[in-house]
Amino acid sequence: MNLVLLLSTFSLFIGVLSEEGLNPGIMNVGAIFSFNTINGKVAKVAMKAAEDDINSDPSVLGGRKLSIQLHDSNFSSFLGIIGALQFMETDTVAIIGPQSSEMAHVLSNLANELQVPLLSFTALDPSLSPLQYPFFVQTAPNDEFQMTAIAEMVSYFSWSEVVAIFSDDDQSRNGIITLGDKLAERRCRISYKAALPPDPTAKRVDVLRELDKIQMMESRIIVLHSFSRTGLLVFEAAKSLGMMGKGYVWIASTWLSTVLDSFSPLKPEIANSIQGALTLRPHTPDSKRKRNFMSRWNQLSNGSIGFNPYGLYAYDTVWMIARALRLLLDQGGKISFSNDSRLDGISGSTLNLSALNTFDGGKLLLSKILETNMTGLTGHVQFNQDRSLINPSYDIVNVVGNGQRLVGYWSNHTGLSIVPPETLYSEKPNRSSSNQHLDKVVWPGGETARPRGWVFPNNGRELRIGIPRRVSYRDFVLLVNGTDKVQGYCIDVFLAAIKLLPYAFPYRFIPFGDGHKNPSYYELVNKIKSGVFDGVVGDIAIVTNRTRIVDFSLPYIESGLVVVAPVKKISSSAWSFARPFTPLMWAVTAAFFLIVGSVVWILEHRRNDEFRGPPKQQFITILWFSFSTMFFSHRENTVSTLGRLVLIIWLFVVLIINSSYTASLTSFLTVQQLSSPIKGIDTLIGSNERIGFQVGSFAEGYLMEELNIPKSRLVPLGSPEEYALALERRNVAAVIDERPYVDLFLSEHCEFSVRGQEFTKSGWGFAFPRDSPLAIDMSTAILSLSENGELQKIHDRWLSKSACSSENSEDDIEQLDLKSFWGLFVICGIACMLALLVYFWLMFRKFSRLPPEELDTTSPSTSRSTRLQTFLSFVDEKVEKPKSSSKRKRESMSRNGYHINDESPHRSGRMDRNMSQNGDSWLTQ
């Protein structure tokens with residue numbers, strides 16, 4: 001309905017269309033531009049040249065002619081719509097234009113309804129979506145790619161903030177929105193957006209008003225996205241305000257390159273106002289056709305306008321339409337139009353809306369345009385799936401003197417480079433930072449060194465640096481009474497750091513706090529967010545809730561929360577030797593001594609005389625053998641294989657236990673003997689004891705929020721003296737504070753000690769506003785101080801006081817418990833069990849092979865207990881150790897007087913019997 005009303009209104013300006021129809025041999029193409037602009041003038045020349053070249057070659061359209069009808073919108077969307085409606089009267093197959101994006105948004109709706117393709121190489125608003133406007137086609141890279149190129153330039157030069165100046169129209173506004181998104185992807189941002197009235201309505205007073213604001217801001221990186229008239233006005237005003245001098249960076253979008261290319265040489269006043277600026281130019285590869293066309297330009301334009309790349313895009317756009325028309329006709333398509341029935345009902349005596357016809361072949365022509373695959377003056381022309389031209393790229397141009405200097409290229413394929421993009425398309429894309437390169441740039445003011453990109457706001461006023469007005473631990477921050485002098489460890493680090501900055505750092509310290517108690521450090525840091533302070537210097541811990549509102553420098557000292565508690569000295573006692581092991585460890589070790597001794601006795605009892613004798617003697621042997629292995633002084637020899645295997649494993653276990661015991665006992669006897677029931681933070685969490693903390697510290701919030709300790713258990717303490725008094729009177733069981741404070745406290749109070757380890761890890765840093773480049777520069781300075789040793793010297797000057805050695809108390813040395821050795825005991829236990837299983841299996845096997853007469857169990861009345869007693873007697877009886885063959889030979893000869901040769905038959909028989917009796921005895925020997 002809105003479209004119908006719009007058409008009704010503007011049809012008042014439309015003449016009545018003749019009913020005779022148009023010459024079918026002529027293809028009508030409309031063009032809507034403001035022809036008194038740079039791109040309008042260039043487009044007019046280029047499109048007429050393309051029309052002549054197409055019509056001069058009958059093979060292009062099969063003998064038909066292409067007619068381009070021009071309409072001057074003269075910066076008016078109203079006149080642009082009138083022109084579009086007039087083209088619809090004449091059965092126009094396509095429209096080139098419009099020049100501006102705001103007009104494109106309106107005309108695209110008209111093109112959608114009447115199905116007439118709308119092609120533009122200047123309305124490059126990224127928000128002109130093909131989903132919403134399917135009949136609108138951008139035939140040059142849209143501004144999304146241009147903004148990506150600018151964002152990558154900002155990132156390449158390591159800047160983090162930019163100021164954006166733009167004309168408040170659809171194309172410029174949406175371009176800046178896209179720039180903000182692309183900068184955010186690279187962890188940069190637009191700190192301020194200065195909107196000017198739409199081109200060409202901006203006045204000098206509008207520009208000066210915005211530049212005055214920008215001049216008082218921090219960022220010196222300025223991106224100017226506008227059109228030529230407004231853009232040149234901004235540069236002229238900036239020059240008059242001194243904003244084209246040293247320290248500034250100006251990056252202009254493609255409008256500036258069109259000025260440089262179209263007006264050469266530039267007027268002196270224009271050239272002087274844009275010195276050192278960077279701009280982008282759509283990149284078009286060099287080719288013979290391009291050079292030939294450029295050589296014809298002066299003749300084609302009659303010297304009215306210089307050549308710029310948008311002339312090439314205009315030429316290629318006309319050829320794109322001509323090729324698509326030829327493909328449509330070759331495939332049987334027809335150039336025909338039909339009435340829109342929706343318009344018939346609103347016709348009146350003065351309206352002839354039936355003249356607005358729908359292009360029947362519009363969809364087919366659009367598809368042929370999008371299937372374009374040709375080589376034009378701009379290079380290879382082809383659309384990808386999202387209907388953008390493939391391989392978008394730009395030249396990066398630096399304004400120097402009366403001309404321009406090419407410093408590199410940007411392409412969507414490889415990013416920034418110093419070689420033409422078309423030479424890299426055959427290679428794999430490489431967007432790594434090490435592969436990004438640009439030549440040296442001459443910046444505003446004639447500088448070649450990279451500008452820092454920012455200054456202190458408000459034209460270098462003194463920065464307001466907040467410092468805590470401490471009432472305790474004033475070695476860190478001390479305000480000298482009666483003067484403005486500030487000193488201390490943190491202050492000296494800050495002063496040393498700012499000396500390393502490559503620029504002046506005007507500042508003044510502003511104390512924060514009432515002087516009666518330590519201030520809240522969260523409130524102090526929050527003053528940066530609220531704008532009261534430009535930074536905070538002091539003993540500021542870097543913790544999570546603070547990093548959400550400010551940026552910190554790198555820490556200049558390590559910190560972390562620790563537990564401090566009273567300790568007492570322990571004098572050496574007669575039972576100190578038992579401390580290395582826990583009671584359970586002692587019990588298990590003693591048990592294994594007895595177990596191993598018993599196992600070895602069982603394995604050796606039948607064959608080893610040293611493990612035989614009366615029961616009392618055997619019990620003593622077991623005890624003696626077991627505990628003598630502790631010192632490897634056992635005198636009993638083991639003769640069985642299984643016994644030796646068990647003993648070897650046990651001796652290894654004894655070696656490990658003995659070594660560990662010796663080392664632990666040495667530590668217990670050499671460190672200072674201090675003890676406390678508080679072992680660390682876990683002890684406090686598991687108890688109901690009261691805990692002290694320093695007023696203003698983050699420790700209170702950490703204990704409540706992270707460790708879930710009730711606030712009722714927390715006691716605020718304001719000074720080291722209060723720490724000591726509360727601990728001595730047992731008002732608190734322990735104090736939790738940061739390590740640097742605790743080190744100073746313990747240097748004067750040796751009756752207390754750190755219990756356990758630090759249970760948080762952090763550090764102290766200087767705080768600045770979010771995204772402030774000062775945080776980065778101060779971090780670099782702190783690193784330099786650390787590397788050259790100056791940071792340690794400052795630490796030694798303020799904080800190196802004689803400390804108590806109570807840290808290494810005996811309670812810090814853990815007793816050795818069973819979990820450290822259970823693996824060894826398991827191995828030894830398994831070895832004992834396996835040895836016993838093998839031994840009794842062999843014994844049972846031998847027992848079962850004995851003749852019945854030897855067992856004396858042939859009687860039916862023999863009970864099971866009798867058989868068990870017989871088996872135990874068999875296991876207990878002594879087995880003679882087999883004699884060697886040489887020893888038996890000598891004994892036989894001496895007894896019987898036989899010679900060696902005479903002994904052979906007897907010897908053979910005895911050997912057979914011995915082998916039969918002892919065939920299974922090797923494991924028990």
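Quick note: numbers below take in every heavy atom, side chains included, and nothing from hydrogens, waters or symmetry partners. Source: prediction; values computed, not measured.
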Is it true that F33 and F121 have ring centroids separated by less than 6.0 Å?
yes
Looking only at side chains, do Y192 and E210 share a donor and an acceptor under 3.5 Å apart?
yes
Compute whether any side-chain donor of one residue and acceptor of the other, for D261 and Q404, lie under 3.5 angstrom apart.
yes
Does I321 form a side-chain contact (heavy atoms from CB on, under 4.5 Å) with I96? I'd like the steps, not just the answer.
CA-CA 9 Å; I321 296 172; I96 301 175; 3.7 Å; yes
With D206, the salt bridge (Lys or Arg N to Asp or Glu O under 4.0 Å) member among R204, R209, K203:
R209
Assess the pair Y394 and H283: is the distance between their ring centroids shorter than 6.0 Å?
no
Would you please say whether a donor-acceptor pair under 3.5 Å links the side chains of N109 and Y133?
no
Evaluate V249 against I222 for side-chain contact (heavy atoms from CB on, under 4.5 Å), listing each step before the verdict.
CA-CA 6 Å; V249 174; I222 303 173; over 6 Å; no
Side-chain contact, heavy-atom cut-off 4.5 Å: Y313 with T122?
no
Please work out whether the ring planes of W255 and F235 are parallel, tilted or perpendicular, with thresholds of 30° and 60°.
tilted
Less than 3.5 Å apart, any donor N or O on the side chain of T258 or N308 sitting next to an acceptor on the other?
no
Distance only, no hydrogens: is a donor on one side chain within 3.5 Å (strictly under) of an acceptor on the other, for Q331 and K368?
yes
Which heavy atom of I68 sits nearest a heavy atom of A31, and at what distance?
CG2-CB, 4.2 Å
If only side-chain N and O atoms count, and only distance matters, is there a donor-acceptor pair under 3.5 Å linking T92 with N28?
no
Just by distance, with hydrogens left out, do T148 and Q146 show a side-chain donor and acceptor under 3.5 Å apart?
no
Classify the ring geometry between F145 and W410 as parallel (under 30°), tilted (30 to 60°) or perpendicular (over 60°).
tilted
With no hydrogens and no angle check, do the side chains of T254 and Y310 hold a donor and an acceptor under 3.5 Å apart?
yes
Are H225 and S253 linked by a side-chain donor-acceptor pair shorter than 3.5 Å?
yes
Please answer whether the main-chain N or O of T375 pairs with a side-chain N or O of R289 as donor and acceptor at a distance below 3.5 Å.
yes
Is it the case that the ring center of H105 lies less than 6.0 angstrom away from the ring center of F136?
no
N384-D386 side chain donor-acceptor pair, cut-off 3.5 Å
yes
Once you round to the nearest 0.5 Å, how far does CG of L312 lie from OG1 of T284?
5.0 Å
Does one side chain, of H71 or Q69, offer a donor that lies under 3.5 Å from an acceptor on the other?
no
Taking R189 first and then D181, would you say they form a salt bridge - that is, a charged N and a carboxylate O separated by under 4.0 Å?
no
Would you tell me whether N39 and T37 have side-chain atoms, one donor and one acceptor, within less than 3.5 Å of each other?
no
Hydrogens and angles aside, do S101 and Q171 bring a side-chain donor and acceptor to less than 3.5 Å of each other?
yes
Under 3.5 Å, is there a donor-acceptor pair between the D199 and S167 side chains?
no
